[in-house]
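Have a look at the structure below before the remarks.
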There are 2 protein chains.
Amino acid sequence: MRDVAKLAGVSHQTVSRVINDHPNVRTETRERVLAAMRSLNYRRNLAARTLATRESRTLGIIGFETTLFGPESMLYGIESAARAAGYLVSVATVRELAHHPVLEAVDRLAQHDVDGIIAIAPKPAVTTALTHAPAGLACVAVGGSGSGVEPFPTVRVDNVTGARLATQHLLDLGHATVHHAAGPPDWPEAQARVDGWRETLYAAGAVVPAISPGWWDAAAGYEQGRRLAADPSVTAIFAANDRIALGVLRALHESGRRVPDDVSVVGFDDMPDSGYFMPPLTTVHQDFAEMGRRALALLLHHMARADGADPPPNVLVAPDLVLRASTAPRFD
Amino acid sequence: MRDVAKLAGVSHQTVSRVINDHPNVRTETRERVLAAMRSLNYRRNLAARTLATRESRTLGIIGFETTLFGPESMLYGIESAARAAGYLVSVATVRELAHHPVLEAVDRLAQHDVDGIIAIAPKPAVTTALTHAPAGLACVAVGGSGSGVEPFPTVRVDNVTGARLATQHLLDLGHATVHHAAGPPDWPEAQARVDGWRETLYAAGAVVPAISPGWWDAAAGYEQGRRLAADPSVTAIFAANDRIALGVLRALHESGRRVPDDVSVVGFDDMPDSGYFMPPLTTVHQDFAEMGRRALALLLHHMARADGADPPPNVLVAPDLVLRASTAPRFD
DNA sequence: TTCGTGAGTGTTACCGTTCTCAACGTGATC
DNA sequence: GATCACGTTGAGAACGGTAACACTCACGAA
């Protein structure tokens, strides 16, 4: 910077003003400085800037160290939006969604002076850990099923509505009731899907079948599917996500139950290839990239008014049903 | 830091020595400093450290802004290894695998003083762009099918061997020849799989069927599958990846060709749920997380000996065949 | 004429580290 | 007993920016 100043015949401060688009610089001077910067191929040193301003133009993301579809796709939504806003994105992953590992991740990001944090927070442990983040560090939680009283903004998909959509769709097709291949019971999102499903059945006066705990992958779905396939009265299944649905589909196939002729199946997520399952899966679509963008917008807004006393907004993203070929009417 | 020094009754320099594990500090002094640090809850300011040392303890990753399975999983391998080595990971994604966007990403990372870059480089444009990175910035490319003369280390899976494994497996089962549902022709990895496939057929004296250009997803696989299903002589198909295989599977099913009874199918990647396709997919497994770790190790090594005149290592990871239920013997 | 005002610019201090080098024991060596 | 090496410590100057403030000048109002 000193060299640029010398070459342009101005003080380093004027150079600083130019790079920061300060208004009070004569056009002619600005041009001279810009020319000097170009000819010296000058790039501002962000570390020095960070040191002086305590602002790094870097955002932190806390993710879960497992290849779950949702979180992955959100990363890209966040990153591209962050780039547009002039921020770089750093990621810290946690091996386990527990208090301590998350705190550690926050600490690591804080040491690197991130200006704000977006946490993929599917379990409450993450959210509570986040409340212990250093004061003044803006946080946004995305995912999970918040209590509504978080001290920071959240973005979530409306899982209850999504589950309701799926269940009602099956009911409308004439199924007496709908069985559920659930996710892990200690994940609020899985629980919210159970709730939406149960409520809908209850409202329709349908029997509410028992559920058993699962996980998010096809292996778990397969187990659930075997259990359900063993029961000849099962004609409709709502799976907690598409991967589970894949396992269910296979279990049904193995026991000779045709989909959708004998049993209808609905998933959740609308993963890229679920339209090519056998049969193509009817599912509840959620736009993860969009959620990432929303989270980022919220974070930037939160950072801008750090002392904002207004209650933190809780964005609820509406999912919608994608009709494909895994569901069919039932006439009994 | 000044406060810590004052509390411990030493100079700031001694505090610095303590945090950097400098040997020449009396044990008693060190203890006193550590105690002071603890009681003041001191954290070193990394921005200041970066400014002084030109070392940020941050690594950059250049990724492709699309949810392809491979790159995703690598990120986690890289991140957790980086964390263990005391580095934070920043990501810069590119919307398009072309020269200019990649250079822009490099620039963005360089501005933030990353100590090194790992680029997910499935296409040569990324690699060549990388050669224009600022001198002294260590780079590692992972993926693609390098020319072998890159000025920096690379990590790649041995696609040719993988394809050979798949093709030979089908040949060994008694199939007269093997058809290929190819990926995008301008991706070296897809091309290498074509090469391995073709070589194997050639070596076995089998007919080499024509291929048509595709993409990496199930939709493209479905198209390929329809084309292949129309030809009654097709009894074995090697798909360039698992998602393509999924589409192929469905196309075959739709045209009444049973898998594996009528047609055998092999995939590539071993995605998490491919064991639950219908039927469970025999595929070529590659360990993306491990590749990420290897890439990181290479990068750290490369950074340590920045002036290393020794030729950059090109790590080739061996894939292996996972046998499941989508292939069967053929007796003609 | 005098003064205030605001645009344009420069001066100096400061952000929190590490680096360089000098200084101060202390014990071993001659 | 002087010298020397070495372990231990401290003082001051970087590192490359930004913030705060002072200064100059031109212009319009009193």
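Small disclaimer: the values here were computed from a predicted structure and weren't measured. Here is how names work: the chains are called A, B, and so on, in the same order as the sequence lines, proteins then strands, and each is numbered from 1. Atoms considered below: every heavy atom in the structure, side chains included; atoms not considered: hydrogens, waters and symmetry mates.
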Figure out the [atom1]/[atom2] separation between [X] and [N], and round it to whole Å.
X	N	atom1	atom2	value
A:Asn24	D:dA22	CG	P	17 Å
A:Met37	D:dG17	CE	P	10 Å
B:Arg26	C:dT26	CZ	C1'	11 Å
A:Met1	D:dG16	CE	P	11 Å
A:Asp113	C:dT17	CG	C1'	12 Å
B:Leu46	C:dC15	CG	P	18 Å
B:Gln111	D:dG17	CD	C1'	13 Å
B:Glu55	D:dC15	CD	P	17 Å

So which nucleotide from D:dG10, D:dG7, D:dG16 ends up closest to the side chain of A:Ala52? D:dG16
For [N], does either OP1 or OP2 sit under 4.0 Å from a side-chain N or O belonging to [X]?
X	N	answer
A:Arg2	D:dC15	yes
B:Arg44	C:dT17	no
A:Thr29	C:dT9	yes
B:Arg49	C:dT18	yes

Quick one, A:Val317 and A:Asp158 - any side-chain contact, counting heavy atoms below 4.5 Å? no
Contacts to DNA chain C from residues 12-22 of chain A, heavy-atom cutoff under 4.0 Å, which residues? A:His12, A:Gln13, A:Thr14, A:Arg17
Carboxylate-amine/guanidinium proximity below 4.0 Å for [X] and [Y]:
X	Y	answer
A:Lys123	A:Asp186	yes
A:Glu28	A:Arg32	yes
B:Asp115	B:Arg54	no

Are A:Thr50 and A:Asp113 linked by a side-chain donor-acceptor pair shorter than 3.5 Å? no
If you measure only the distance, is there a donor-acceptor pair under 3.5 Å linking the side chains of B:Arg108 and B:Ser90? no
Base, sugar-phosphate alone, or nothing: which one does B:Arg30 contact when heavy atoms must sit under 4.0 Å apart? nothing
With a non-hydrogen cut-off below 4.0 angstrom, is A:Asn45 in contact with a base, only sugar-phosphate, or nothing? sugar-phosphate
I'd like to know if the side chain of A:Arg44 reaches the main chain of A:Met1, judged simply by a donor and an acceptor atom lying under 3.5 Å from each other, with no hydrogens or angles considered. no
